[in-house]
Number of protein chains: 2
Amino acid sequence: MGVTVKDVARSAGVSTATVSRVINGDSRISGETRKRVLQCIAELGYKINNIARSLKTNKTYTVGFICPELPNSFFMNIAKGVEDELKKHGYSMIICNSNESAEQERERIDLLLEKCIDGVIIIPASDEGMHYNRFKEMNIPVVLADRLTEDFVSDSVLVDNVNGAYSAVEHLINNGERRIGYIGGDLRLTTARERDEGFRRAMRDYCIPIDESLMKYGDFHIDSGYEKMKELMELDEPPRYVFISNYFMHIGATKFLFEKREQLKSHITIASFDDIDLSSILGFCRILVGQPVMDIGSKTAQLLLSRINGEELSFPQIIRLKTHLTIL
Amino acid sequence: MGVTVKDVARSAGVSTATVSRVINGDSRISGETRKRVLQCIAELGYKINNIARSLKTNKTYTVGFICPELPNSFFMNIAKGVEDELKKHGYSMIICNSNESAEQERERIDLLLEKCIDGVIIIPASDEGMHYNRFKEMNIPVVLADRLTEDFVSDSVLVDNVNGAYSAVEHLINNGERRIGYIGGDLRLTTARERDEGFRRAMRDYCIPIDESLMKYGDFHIDSGYEKMKELMELDEPPRYVFISNYFMHIGATKFLFEKREQLKSHITIASFDDIDLSSILGFCRILVGQPVMDIGSKTAQLLLSRINGEELSFPQIIRLKTHLTIL
DNA sequence: CTTTTTTGTGCATACGATTACATTTATATA
DNA sequence: TATATAAATGTAATCGTATGCACAAAAAAG
């Protein structure tokens, strides 16, 4: 600790410039000198001080990751993909929890702006994105993951929600069912909106009029899944097939069905978005729309790194990954 | 962007030293000057460059967080507690995934050491901790969360696993059952070991001989929970009560029971560690040992910050938080 | 009305690296 | 052999901030 380029330089009998060049792999250094310097580095246990380096180079090899919730397997699978990809390139990631609030998102942005990050990945907390412009102003590349925002055009990586939902619903219809219940998310989220569109489009394409009393809107959380399924089941004539547009509402809905399984008039079949952790063990589920979650993460990271490295790409890059249907 | 103390100083007609002092709240600056400087800062849109500051002060206001798995609600609840607490103090956190491997843990440590962090929180991937010494050598405080390690003595925050397990098992026994199945984790993890001890101690205290054929050891993951429950149920005389020592194995075990529910000879009751997300909706569960997960996080962060700020505390600080029993 | 203390600022250096430019030495070319 | 070119290294400035020390002015003490 405390050994600097100067010490190495002195010990190797060269200038600090030479030491620096060896460290940075400058090809002009003679094999002779390089060897000597490397030896001294090893002997003295020299470790580069990246703070100092960053000051000169204006690069921190650190990116921010803002996400609406930490204990959320969906987001964390994305995070995992990101972290993995970043690590390959020597980058690390500062994680920030926006708690699904644009307000807190702003606070975290303040924090991140102070840290001189090279780029930032955001899973938007809402459809507001104006405040992301502060990164743009500082010339810090931004890539959105999973969701888009209304007012902030940006590189993004997400899945084809419309077709994902469409294919699931289509499959239900092909099973011979026309009365299909729906539990969706807050339409201010693009993901919720797109899945909603997929649902409606499938129904329209099969000439099934939409019964709005079967359309329930929650907030993508467990409790609301429970609540909305309850509402559906308390209808005079509950649907026997239900499409649920995310994982957590699926869990909640299942919880309700499980608790009331004795009172159910008929067997319920669920089709749901997100094939993670327990989806497949939730008893009523037969159809799952799987998202390539880790891929979202790694693609996002790759895109960000491209921007950071100033690669020429048209703007905005919007990468849509395909979902895949699993029938249980 | 590009505006530095120098610009502010020139604009306010003072020296950079004065500007710096205003920024850092030095009380010796006259109200007059302070006001003028602050005004110029606002007008010019000056933002401090924390890299430069860190170079001088040797503080980055950043800590590392190494954890065995990102998509894991237990760890992420801890992370949330940490992030929350850190944020209050202006710190941010670099998150690293060790993938439950000491090997990868080492790689992440390399990465973190290069980043000049002020401290690090580790949820150990295994019982090896020798490599954590590298932080100690650099004088970087370390706090372990949730688990201890064999060979690295350290400040730590964890729960009273022994008594947590004990009380759950005790409750089963008080229900009148003496044949109790057990699905535990890899004994190389302190958490697994302690819960094992709790189980055995309760049995001993109630004078119930332990039937080793009912003791199954998995690895804290879903699949092994499934597997071990299968083994238990395939015994000639399966236990009707089972204690499971973590969340994920609980899920796996439930999955098995759910799939085979028609073939079960009798009703199964589960007592399990960890009261998160779905524990309570898993059909066979009646007893849950809840951990104060977010508290683990915030306490860990608090302890780390104390060390970073050089507060006088005896070493090591081992904080044990109490679990609480929930009967469903 | 000195002398001492306090208060408010400025000067200059340091933090630890990178890098443009200058310089030396070796090699190739005429 | 003289000169042009290339290769290897050194010199010194720079990145943006913090801070010990010096110093002047103002306030307090004598």
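Everything numeric in this text was worked out from a predicted model, so none of it was measured. In the text below, chain A, chain B and the rest are named by the order of the sequence lines, each starting its count at 1.
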Passing option when B:Glu128 is tested against B:Arg106, B:Arg188, B:Arg147 for salt bridge (charged side-chain N to carboxylate O under 4.0 Å, His left out): B:Arg106
Under 3.5 Å: donor-acceptor pair, side chain of [X], backbone of [Y]:
| X | Y | answer |
| --- | --- | --- |
| A:Asp155 | A:Gln317 | yes |
| A:Asp26 | A:Arg28 | yes |
| A:Thr190 | A:Leu148 | yes |

Might you confirm whether atom [atom1] of [X] has over 12 heavy atoms from other residues, nucleotides or ligands at distances under 6.0 Å?
| X | atom1 | value |
| --- | --- | --- |
| B:Tyr46 | OH | yes |
| B:Lys136 | NZ | yes |
| A:Glu311 | CD | yes |
| B:Lys6 | NZ | no |

Of residues 52-62 of chain B, the positions that come close to DNA chain C - non-hydrogen atoms, cut-off under 4.0 Å: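 Contacts with DNA chain C under 4.0 Å: B:Leu55, B:Lys56.
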Interatomic distance, [X] [atom1] vs [N] [atom2] [rounded to whole Å]:
| X | N | atom1 | atom2 | answer |
| --- | --- | --- | --- | --- |
| A:Glu114 | D:dG16 | CD | P | 17 Å |
| B:Ile48 | D:dT19 | CD1 | P | 11 Å |
| B:Asp26 | D:dA18 | CG | P | 11 Å |
| A:Lys6 | D:dA13 | NZ | P | 14 Å |
| A:Asn24 | C:dG16 | CG | C1' | 13 Å |
| A:Ile51 | C:dA14 | CD1 | C1' | 16 Å |
| A:Arg36 | D:dA8 | CZ | P | 14 Å |
| A:Arg21 | C:dT18 | CZ | C1' | 9 Å |

Touch class at under 4.0 angstrom, heavy-atom based, for A:Ile23 against every strand present: nothing
Sugar-phosphate only, base, or nothing, as touched by A:Asn50 at under 4.0 Å among non-hydrogen atoms: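 The answer is nothing, as A:Asn50 stays clear of every strand by at least 4.0 Å.
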Lys/Arg N to Asp/Glu carboxylate O, A:Arg10 vs A:Asp7, below 4.0 Å: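 Answer for the salt bridge query: yes.
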Residues B:Glu85, B:Lys88: salt bridge by 4.0 Å N-O rule: yes
Check nucleotides 24-26 of chain D for protein N or O atoms closer than 3.5 Å to its own N or O atoms and list the pairs.
none

Side-chain H-bond candidate by donor/acceptor type, A:Asn99 with A:Arg108, under 3.5 Å: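 No, because no side-chain N or O of A:Asn99 sits under 3.5 Å from a partner of the opposite role on A:Arg108.
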Modelled atom types, side-chain donor and acceptor of B:Thr62 and A:Lys115, under 3.5 Å: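 Result is yes, a qualifying pair exists.
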Where DNA chain C forms stems, i.e. three or more consecutive Watson-Crick or G-U pairs with both distances under 3.5 Å: C:1-30 with D:1-30
Closest non-hydrogen atom pair between A:Leu321 and A:Pro292, with its separation: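 Of all heavy-atom pairs spanning A:Leu321 and A:Pro292, the closest is CB-CG, 3.9 Å.
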Between N or O atoms, less than 3.5 Å apart, protein on one side and nucleotides 5-8 of chain C on the other: list the pairs.
unit_1	atom_1	unit_2	atom_2	d
C:dG8	OP2	B:Arg28	O	2.9
C:dG8	O5'	B:Arg28	O	3.0

Single hit among B:Asn24, B:Thr60, B:Asn58 for side-chain contact (heavy atoms from CB on, under 4.5 Å) with B:Arg53: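 So, applying the side-chain contact (heavy atoms from CB on, under 4.5 Å) to B:Arg53 and each of B:Asn24, B:Thr60, B:Asn58, only B:Asn24 qualifies.
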Phosphate OP1/OP2 of D:dC15 contacted by B:Asn49 side-chain N/O (<4.0 Å):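 The answer is no; no side-chain N or O of B:Asn49 sits under 4.0 Å from OP1 or OP2.
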Within residues 11-20 of chain A: residues closer than 4.0 Å to DNA chain D (heavy atoms):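 When residues 11-20 of chain A is checked for heavy atoms under 4.0 Å from DNA chain D, the hits, listed by number, are A:Gly13, A:Val14, A:Ser15, A:Thr16, A:Ala17, A:Thr18.
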With sequence neighbours excluded, residues passing side chain to side chain donor-acceptor pair (under 3.5 Å) with A:Ser298: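 A:Ser298 satisfies side chain to side chain donor-acceptor pair (under 3.5 Å) with no other residue.
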Whether A:Tyr132 and A:Phe152 hold their rings parallel, tilted or perpendicular, with breakpoints at 30° and 60°: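 Answer is perpendicular, since the angle exceeds 60°.
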